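Protein chains get the first letters and strands the later ones, always in sequence-line order, with residue 1 at the start of each. Every value quoted in this text rests on a predicted model; they were computed, and no experiment measured them.
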Amino acid sequence: MSERTLYDKVWDRHRVATLPNGQDQLFVSLHLIHEVTSPQAFSMLSERGLDVAYPDRTVAVADHIAPTTVEGRERPLADETAETMLATIEENVAAAGITYYGLDSSEQGITHVVAPELGLTQPGMVVACGDSHTATHGALGAIGIGIGTSQIRDVFASGCIAAEKRAVRRVDLEGDVDEWVSAKDLMLRLLADLGVDGGVGFVYEYGGSAVERLDVEERLALCNMSIEGGARSGYVEPDETTVEYLRGREHVPHGEAFEALAEDWLSFASDDDAVYDDHVTVDVDGLAPMVTWGTNPGQAVEITEPVPDPATLPPGDREAAADAIDHVGVTPGESMQGTPVDVAFIGTCTNGRVSDFERAARVLEGRTVHPDVRALAVPGSQRVKRELEASGVADVFVDAGWEWRESGCSLCIGMNGDVIYDDELCVSASNRNYVGRQGSKQGRTVLASPATVAAAAVEGELVDVREVVG
Amino acid sequence: MTDGATVPTVTHVSGRGVPIRGDDIDTDQILPARFLKETTFEAMGEYAFHDQRRDDDGAIHGDHPLDRHPDGEVLVVNDNFGCGSSREHAPQALQRWGVDGIVGESFAEIFHDNCTSLGIPVATAPHDTIARLQEYVEANPETVVELDVENERVSYDDTVVEVTISDSMREALVEGRWDTTELLRSNMESVERVHESLSPTQR
């Protein structure tokens, strides 16, 4: 069992009791909810005659079904089921006294983008949300736990979840990478190496030279995809980068109170003599930009590498690889470069933050989207959108021929009307390339960094972004 | 499906088997995202494996294991079943379709917890054991597969195999403590103590 890691410290601070089945009762210091997985939990709560125990520790957003055009956001929404969903969360949060960033709020956005940027997420917290990408909050030294709807009911009713402590795997990413190789590329490398189930039963503590250099937005992208590797939570230890990111944000104190709090935050970092259950080191030195070739996020290669021949893979992976190659229509032995692209998408809780769009804009500057490509830019929050509009980055996207949208989950999950059609291939700065994920069951998704997506949008095919900007 | 006051025990489940082959079957396959727009779980049973069961024109083609074994109650699956999103809609869909228990090589963590919350036992066994069981129920669809939760055993016809159910799930199911709301609420004084002990901006 791990000892004196951040995970142990945060767990100990939030542990209420040990339950009869050996699980721990864990207090949730920040409960994030959204319109899709909360309505049934509210219903269960009221069926039992219970109230929300800690409405002040609960924050709601509308993100999954949020239309991303200005006209589309007019109420009532054209999609009746989506309108019902919004009306339901509005009623629920009003009755419970929960802060809500709805479609008309200037702070609306994707829950995992909004909570960090408002300083709601802080080091040492337990953050729970009915969304598997809750691991994102680990970037700030919190423990993010994705939960199901019955567990949301539990948090509403008691402020707690029943949870099992997991083993801690230290994951060191070591080496120097090019400026066009981002946290997304590092993560796709890790997923390719450890597999999409390699982290089941583990929490990932990310470290090493390639992680320490990352700013917080990049760390958010890294931790975000922990679940894609099977790890329900992943985190980076808080350091000065974390403290400076949080300084001045809405929900943190100012002045001396901030300094005192920052000291507490830093104390959550794992001790020098911390004990880990497992330790993995991944050499990322000289890593090229990564892309997925298949239908799970671990089926990924460097853009310069060939797609593997299924026969060369471990026996258990061969059938899935062959099916994936068939679905996506790629050729084993050849690289992904030159694969024609129909749609390009930048956004999501993985890559929908200011620096993601800034980096992509450096690729797009003075270039235009290929005529055969539909390109969609969806800021992760309205705050991100405002910042990018004020700095001129939005103009770069618009001038290059991108659709510049309002914030939401959008084409990551295709619930809001933003979808791909038929067998379109979408190069996507999102987190999942599952069959059907973007709204068409014949559709194909290639996961990549925002810079690689921007380069592909310009060229009309998958390319090595370093050659486009070089 | 409980009012929380009395939680039934789940000591064993049994029924015909449904072999669903393939590793890493994700929640988007089990329950496509567009069906998440409903604010209740009531209709989810109709949507289980929706897209894989249908032709492009929307008609059920009949080749999917759920349709070849329409009376099945015990799924037999492979590695990392239920990976992907946290949507409880996925196990809700399977339960409402008729699934009472799942036996497989391994399960994604959130899916596993969601099954606990719904009183659906999930048991694991090595690849070869699962492959044999899948072949057997494929060839003998009438066979009743019994999952003994308490003793961690699966039996079908003359065969009995050992399986593993996590201690926490087994205890919760066998003792009837899988609906945790009242259990957690019974400690509210301690909850409040932890709450008060946190930094002011974190409580």
Tell me, side chain or backbone of [X] under 4.5 Å from chain A's heavy atoms, or both, or neither?
X      : result
B:E109 : both
B:T40  : backbone
B:F111 : neither
B:D79  : side chain
B:E175 : neither
B:R177 : side chain
B:H127 : neither

Value rounded to 0.5 Å, distance of [atom1] in [X] from [atom2] in [Y]:
X      : Y      : atom1 : atom2 : answer
A:E319 : B:D23  : CD    : CG    : 8.5 Å
B:R87  : A:S132 : CZ    : OG    : 8.0 Å
A:Q23  : B:D167 : CD    : CG    : 10.5 Å
A:N296 : B:D24  : CG    : CG    : 5.5 Å
B:E38  : A:T84  : CD    : OG1   : 10.0 Å
A:N92  : B:T39  : CG    : OG1   : 9.5 Å

query = Can you pull out the residues in residues 57-64 of chain B with any heavy atom less than 4.5 Å from chain A?
reply =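 Not one residue of residues 57-64 of chain B has a heavy atom under 4.5 Å from chain A.
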
ask   = Can you pull out the residues in residues 43-55 of chain B with any heavy atom less than 4.5 Å from chain A?
value =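 Heavy-atom contacts from residues 43-55 of chain B to chain A are B:D51, B:R54, B:D55.
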
message = So if I apply the side-chain contact (heavy atoms from CB on, under 4.5 Å) rule between A:N21 and each of B:M169, B:E171, B:R170, which one comes out positive?
response =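 Among B:M169, B:E171, B:R170, the one that satisfies the side-chain contact (heavy atoms from CB on, under 4.5 Å) with A:N21 is B:E171.
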
Looking at [options], which makes the most heavy-atom pairs under 4.5 Å with chain B?
options               : value
A:R15, A:R166, A:E228 : A:R166
A:A162, A:A17, A:S158 : A:S158
A:G439, A:G436, A:P20 : A:P20

Check each atom of [X] against the heavy atoms of chain B and say whether the ones under 4.5 Å are side chain, backbone, both or neither.
X      : answer
A:T88  : side chain
A:F202 : backbone
A:P297 : neither
A:R432 : side chain
A:A320 : neither
A:I413 : both

ask   = Between B:S86 and A:D131, is there a donor-acceptor pair closer than 3.5 Å when you use the side chain of the first and the backbone of the second?
value =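 Looks like yes, one N/O pair under 3.5 Å.
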
Within a strict 4.5 Å, meaning less than it, do heavy atoms of the [X] and [Y] side chains meet?
X      : Y      : result
A:S150 : B:L118 : yes
B:S106 : A:V200 : no
B:E192 : A:Y54  : yes
B:R34  : A:V419 : no
B:L184 : A:L19  : yes
A:T37  : B:E88  : no
B:Q29  : A:Y434 : no
A:Q438 : B:D28  : no

task = Mind ranking B:L183, B:V174, B:N114, B:I110 by heavy-atom pairs under 4.5 Å with chain A and telling me who comes out on top?
result =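 With the most close heavy-atom pairs to chain A, the winner is B:I110.
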
query = Is it true that the side chains of B:S117 and A:Q151 contain a donor and an acceptor less than 3.5 Å apart?
reply =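 Their side chains do not contain a donor-acceptor pair, so the 3.5 Å distance test is not met.
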
task = Indicate yes or no: does B:K37 engage A:D79 in a salt bridge with an N to O separation below 4.0 Å.
result =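 Yes.
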
query = Any ion pair linking B:D113 and A:R232 (charged N to carboxylate O, less than 4.0 Å)?
reply =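 Salt bridge: yes.
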
